[in-house]
Amino acid sequence: MSETPENEIPKQYNPAAAQEKWSAYWDEKGLFTPKSGGLTPPGSPFCIVIPPPNVTGALHLGHALNNTLQDIVIRMKRMQGFDTLWIPGVDHAGIATQAVVERKLFEEEKLTRHDIGREALVKRIWDWKEKYQERIIEQLKAMGCSCDWSRTRFTLDEVCAKAVRHFFFKLFKEGKIYRGKRLVNWDTHLQTAVSDDEVFHETVAGNFWYIKYKICIEEWAECQENYAQKLEECEGEKLSAKGRELIAEYRKEITDFKQQNNLDPGYVVVATTRPETMLGDTAVAVHPDPEAALDKAIENCKQKLANASEKEITEIQAELDAIEQRKTDGTLDWLKIFAELAKTGWHVTLPLLNKKIPLVLDEWAKPEKGTGCVKITPAHDPNDYEVGLRHDLPFVNILNKDGTLNDNAGTYEGLTVKQARAKVVADLEAAGLLVKVEEREIELAHSDRSKTPIEPFLNDQWFVKMDELAQAAIDAVARHPRASGELEEQVDCLGSRLRGNDDIIQIIPHRYTKGYVDWLSEKRDWPIGRQLWWGHRIPIWYCEASGEKRVESDEFLRKAFAGRDDVIWQLDTEKNVWRICSQTEDLNEDAIPGCKIKQEEDVLDTWFSSALWPHSTLGWPDDTPELQRYYPTGVLITNRDILTLWVARMVLAGKFNTGKKPFNEVYIHPKILDKYGEGMSKSKGNGIDPISIINKFGADALRFALAYLTTENQDIRLSLDFECPHCGAVVEQTKKNRTSVKIQCTQCKKYFLTQWARDYSEQLSPEDRSLPEGTMTGERFEVARNFCNKLWNAARFVLMNLEPFTKEKSKEAEALSPAKEFLEDKWILSRLATVTKNVTDDIENYRFADAMRQLYDFAWDDFCSFYIEISKNRLNDETTKERVQFVLVHVLTSLIRLLHPVMPFVTEDIYQRLLETKFWQQNGYDTNVPSLAIARFPESHEELISPIIEKQFAIFQELLRAVRDVRASRNVPPKTEITFSVRCDEATAELLEPMKQYFLSMAKAKATAFGPAVQSPALVSVVPLTGMDVFVDLSDLIDVKAETAKLEKEIAKLDGFISSKEAKLNSDFVNKAPAQVVEGERKSLAELQTQRQSAAEALAKLKEVKP
RNA sequence: GGGCGAUUAGCUCAGUUGGUUAGAGCGUCUGGUUUACACCCAGAAGGUCACAGGUUCGAAUCCUGUAUCGCCCACCA
C-alpha cells in the first residue's frame, strides 16, 4: 500500500457516514435475528420486548432514552454470548390515535367521524398508523437499535388479535368478565368512556349556585300534625335561642298555612357548581346527625390548626370560624329540622321540572360544606351514585352520548350542557329560586384525549373482575428491598437481588414497588370497553332472547354450536339477550338458525392488548418455540408513568394466561424533562425528535449523553435550543416558539423550519417548504459528541502507529504478561481490568450513569491523556515498540467492546478499520468475527488489578501535575526546558527513574535526580507533596517576590490543616475512633508537618536571595 | 389529604456501607498550531453541601422538624 493510513482516516468522526454504512451492514448480516434452524443456538436466551410506542406520532427524546437503555442491555447481553432477541413493535393506542385522526379530519375537512362512517374512519386511521409506524421504525433504526425487525409487531395485527381473543374468551369462560351499568367518565367529544387514568383535573373559573328546593306542600298538609309534634320534641331538646326563634317562625308559617292553605311552607337550599344536573336529581340529602358531624368537623379542624405551619394558620382559622358559626347562626338548627323531615319521609319539589323527590338521610351530606344539604344526581356524579345505591333512588340520565340533554330534561332537551346551564340558571332566577351566586375556582375533570370536560355518565360497560387477577400480580413482585432484613426468604444470603427466581419479579429501583402494590390492592374492576372504532372489537355477539322459550333455555344455542368448545354464552337477564363469546372466529349474522345476531359495537381498552405484549409477541396462545425459549423475558425497561396501567396489567395477564411472570425484572428509568422541568409530550410541543439530535451530533452522541444522565433517582433535564442553519446562531427554545413549524433567527433574521414541519407540512406555503431545517443543540450532546471524537482520534492514533510492525510471531498474551516491567503498562491494564469489572456490573444493575462515567474517564484521562502520551516515546524506540503496540491495540479493542453497547456506530467503524490492518491479520487476532456487535464483551482480567501499581502511577501523575503547574503559574515559555529534582525515599526514586523520559516529553521538564539525598538548589520553586519535595530549578526565571508570596500562602494553608488535625488528635477522637483511622490521621499530620517544613526551608532560602 | 423524589460551584449534575483537604462537564480566567484530536492540550479560580435541631470522636451522608421545587394517587355539592 502506497498510501499511509493517515490519509484515509479523517480527523473528525463522521457520524452520518458510519451510521448509514453500519446499519446496512448489520441488517445484511442479520446479526439481530436469532439464528434460524430450531431456535437453539448456543447461549442462554435473553429477550426484551419493546414498550410499544403509540402510533399517535413520532418518537421524542423520552423514547430515545427508553430505547437506548434497552439497546445497551441487549447489545451487552448479545456480546456476552446470550441468545438475544429484542422484539420491536408499536401500539395502536385506541383513544389517542383515533382522537388525533379525528381532530385532523375536523381541522382539515370539517368532518366528524359520523360523517364518514366506521369503515372510512378506520381506514384513515390505518393510513395514519402506516405512516407513523414507518417513521417510528426509522427513528429506532437511526438510533441504532438492535431489534429483530423481522418480528415487528403491532397490537392490532393478527398475532396480537389472536391472543386478545383467547384472553377475552378465557376470562369470559371463568366468569371474570361482566357487563354492568356504571358511572363512567364520558368524553362527549370523542363519545366514549375513558378510564380514570385518562382523566386530568384542571382549575377553571366557575360559579357556585345556591338553589331553593321547595318542601312539598301536599306532603306538608298531610303530615302537618305529625310535623308539629316533631317540632315540639325538637324544642324540648337543647336548641339555641336562634333555633327557638326559627321554630317559632316555622310554627307561625304552619299556622298561616293552615289558614291560607297556599303559603310557601319553606325550602331547602342546596349549592352546586353544575346547576344543569339538577334536572337529573332524584333526592336531596341531609346528614342524619348534623350536630355530631359538625362537632367532628370542628374537632378535625382544630387538630389541623394545632399542627399547622404559620402560613396555613390564617386559612384554617377562617375555616374553623366558618364552621363554628354554623352552630349559632341557625344553619345547624335548620339541618336538624331537615333531618327530622327526612326521617319522616318528606319530599321536596325539584324546581323547573316540578318533580317530587325525597329528602334522604345520608352521611355524604356534610354539614360543614356548602349549605349542609346536597342535591343527589345519581346518574351524573360518582358520590351521588353511591348515595343512589344506598337509598335505592332512581338513576335519571339526562344526557345523550354527544353531550346534549335528552328527553329526561324536559324542555331542556337538545341543549348542550353549557346552554342548559345558562337556561337553567336563568329560569331559576326568574322563578325566584336562585338564592345567590358565588364565584369559585373549580377543579374540572377533563379528558386527556380530547382535552374537553368530562361528564360523568351512566352507561353499560364491560368489566374485568380484578380480585384474583390483581392478587396474583401483587404476589408476583418482590416486596422488600435487598438486604432489608425483612422476609429473608426473598433475599439471598449475599443480600443481592434474587435473579432467575421462578416467581418473583424485581422492580428496580425498588421504591416503585409500593405504588404498584398500592394500586393493585384497590382491586378496582377494570372497565375494558371503549365506545370507539379503532381497536379490537369485543368478541361478543348478541342474540335477542325474544320468545319465552329462548329466555328460559339455551337449547337452540347448544344446537347451533354443537361440538364447538370455542363458543360460550351467557344470558343477560336484564335485557333478555344472549351474550355469545367466540374465541377464534367472528360469527356470522345467521350463525344461529332463525335468529339474527349482532356483534358488540365497543372495542377493547388499549391496555387489554398491551397487557399481553410479552407473550402475544412470542406467539401465545400457540405453544411456539419462541414462547418456550424466550418467555419469561429478561427485563422490561420502561417509564414510571405506566407502571400500573401497563406493567401491572402485563403481570396479571401473563400470570393468568401462561401461569408465569412475563419478565424477571422491571427497570424504571428517569423521565426526560425540558429546560422548564416539564415532561416531554407531543401536545406541549416540547418533545424533541431524536433525529434532530442525530443530525447534528450523531446517534452515538445521543445515546451516550442519555445513558450518561441516567442516574437512579434524578429525572433528566435537558436544555435544548435551536441552531440557525443559516448563520449558526443559537436561537433559544421558548414555550412560545417550541410548537412553531417555522422560526425566525434572532441573529440573521432569516427563517428556518423546525421538526414540526415534518408533521405539519400542509401548514407551510410552497416557498416555506424549501427552507432548511434548524437542528437542536444542547450542551450535554456536545459533550457526548466530543467524546465520540476523542475516541475516534485515539483509534486514529493507534491505527497510524501499527505499521511497520515486527513480523516475528508475537502473541498478545505474551506481550501482556507481567514479566516485562513497564509501570505504565501494568497501570493501564490494571485500570482496564477494574473498569471492565465495574462497567459490566453497573450495566447489569442498570447503573448506566456510573458505567458511562467510568468509560468516559478511563478513555479520556487514563488512555488518552496518559497512556497514549507515554506511548509516543516508546513507539519511537524499536526495542519497546512492539510491546506498546500490543498494549495499545489490546486496550483500544477492549475499550471499543465496552463502549459498543452504548456507541455502536463509532466503535464498529473503528473495529472494521482494525480488521483491515496487517497488524491485526498477521498477529494471530481473530478475523472471523465480522462485526463488533457479536464480538465478545470483555471479561475482566482481575488478576491484573493492582492497587499498588495504581497508587505508584498516581505518584507519577501527581508529580507531573506539580511540575506542569510550576511551569504554568510561573509563565515559563512553552518551549523552554526546565529541570527539577525530587527528594523522596528510595522506593519512590526507583519507581520514578524509568519515568524520566516522560517528564521530558509530557512537561518539557528534565529530571536531574530522585532520592533521599537530593538537596534544594538555591533558586527553586518548591512543591511539597505527599512524601516528596519537588524542586524546580528556576534560576533564570524566578520572581522572588511572587514565589515568596506563594510559599507563604502555602504555609498558611498547611498551618490551618495542621492545627485542625492536632485538635482532632487531642480530642476524644483517639479513644473512640477505630485504631486504623487514628493511625491514618497521625500519619497525615506527620506528612503535613514535613510538607510545612520543606516549605519553610524553601522560604528561608528565598529570603536570603535579595532581588 | 396520602405517597415518592429532590435541594451540593455561575449552570447541569456525581458523591457507593458516616472517616484525610466534597468531585466532573459546561461556563469563566491564564497559557498553548507539542505530527491522534482546537469537537484539542496544560493549568487556575470558584462550594457554610436549602435551613434548624439531634445522634456520633467524626455528618453532604443517619434521625427529627422547617422551607422550597417536582411528580404520582385520591378528593373537593
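Order of the sequence lines fixes the chain letters, A, B, ..., with proteins taken first and strands second; residue numbering starts at 1 for each chain. On a predicted model such as this, the values are computed, not experimentally measured, just so you know.
You'll find that the side chain of Leu1088(A) is closest to rU21(B), out of rC71(B), rA24(B), rU21(B). Closest to the side chain of Ala1073(A), out of rU12(B), rC71(B), rG19(B), is rG19(B). Considering only side-chain atoms of Arg524(A), the nucleotide from rC39(B), rG19(B), rA74(B) that sits closest is rA74(B).
Mapped onto RNA chain B by nearest heavy atom, Glu869(A) and Asp861(A) fall at different nucleotides, with Asp861(A) at the one closer to the 5' end. The nearest heavy atom of RNA chain B to Asp384(A) and to Ser1060(A) marks one nucleotide each, and the one closer to the 5' end goes with Ser1060(A).
Applying the 4.0 Å criterion to OP1 and OP2 of rG19(B), one finds that Lys1064(A) has every side-chain N and O outside that range. For the OP1/OP2 pair of rC40(B) and a distance below 4.0 Å, the side-chain nitrogens and oxygens of Asn789(A) include no atom meeting the criterion. Between Ser969(A) and rA44(B) there is no side-chain N or O to OP1 or OP2 distance below 4.0 Å. Put simply, Arg511(A) has no side-chain N or O that comes within less than 4.0 Å of OP1 or OP2 on rC71(B). The phosphate of rG32(B) (OP1 or OP2) has no side-chain N or O of Lys1004(A) nearer than 4.0 angstrom. Of the side-chain N and O atoms in Lys514(A), none sit less than 4.0 angstrom from OP1 or OP2 of rG3(B).
At a threshold of 4.0 angstrom between heavy atoms, the contacts of Arg967(A) with the nucleic acid are absent. Contacts of Trp860(A) with the nucleic acid, taken as non-hydrogen atoms under 4.0 Å apart, involve only primed sugar atoms and P, OP1 or OP2. At a threshold of 4.0 angstrom between heavy atoms, the contacts of Thr272(A) are confined to the sugar-phosphate backbone, with no base atom among them. Residue Leu673(A) is classed as having no contact, given no heavy-atom separation below 4.0 Å to the nucleic acid. Using a 4.0 Å heavy-atom criterion, one finds that Lys366(A) contacts the bases of the nucleic acid, with or without backbone contacts as well. Backbone-only contact: Arg964(A) has heavy atoms under 4.0 Å from sugar-phosphate atoms and none from a base. Within 4.0 Å of Thr711(A), counting heavy atoms only, lie sugar-phosphate atoms of the nucleic acid but no base atom. Within the nucleic acid shown, Val270(A) has no heavy atom closer than 4.0 Å to any nucleic acid atom. Contacts of Cys373(A) with the nucleic acid, taken as non-hydrogen atoms under 4.0 Å apart, include base atoms. At the heavy-atom level, Lys11(A) lies under 4.0 Å from the strands shown only through sugar-phosphate atoms.
For the P atoms, the distance linking rG70(B) with rC13(B) amounts to 14 Å, nearest Å. Across the P atoms, rU33(B) and rA24(B) are found 26 Å apart, a figure rounded to whole Å. rU55(B) and rC63(B) have their P atoms separated by 15 Å, with the value rounded to a whole Å. Here, rC69(B) and rA50(B) have their C1' atoms 11 Å apart, quoted to the whole Å. Only the C1' atoms considered, rG23(B) is 16 Å distant from rA45(B), to the nearest whole Å.
Within the shown strands, rU66(B) is the pairing partner of rA50(B) under the Watson-Crick or G-U definition, both distances less than 3.5 Å. Of all nucleotides present, none satisfies the Watson-Crick or G-U wobble test against rU17(B) with each distance under 3.5 Å. In this structure, rC26(B) and rG10(B) make a Watson-Crick or G-U wobble pair, each of the two defining distances being under 3.5 angstrom.
Following rounding to the nearest Å, Gln1076(A) (CD) and rG19(B) (C1') show an atom-to-atom distance of 11 Å. Computed from coordinates, the Leu799(A) CG to rA36(B) P distance equals 13 Å when rounded to whole Å.
Within 6.0 Å of CD in Glu977(A) there are more than 12 heavy atoms belonging to other residues, nucleotides or ligands.
Both the sub-6.0 Å distance and the 45° axial angle are not jointly satisfied by Arg640(A) relative to the ring of Tyr512(A).
Contact check for Glu1050(A) versus Arg1092(A): no side-chain heavy atoms found under the 4.5 Å cut-off.
Below 30°, between 30° and 60°, or above 60°: for Phe787(A) and Trp860(A) the angle between ring planes is below 30°, a parallel geometry. The aromatic rings of Tyr13(A) and Trp792(A) are tilted relative to each other, their planes meeting at an angle between 30° and 60°.
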Kindly indicate, with the supporting measurements, whether the criterion side-chain contact (heavy atoms from CB on, under 4.5 Å) is fulfilled by Tyr210(A) and Leu434(A).
-> CA-CA 6 Å; Tyr210(A) 290 77; Leu434(A) 194 63; 5.9 Å; no
Candidate pair Asp641(A) and Lys671(A), rule salt bridge (charged side-chain N to carboxylate O under 4.0 Å, His left out), full reasoning | CA-CA 9 Å; Asp641(A) 294 351; Lys671(A) 207 169 169 171; 3.6 Å; yes
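For Lys790(A) against rC37(B), a side-chain N or O and a base N or O form a donor-acceptor pair under 3.5 Å.
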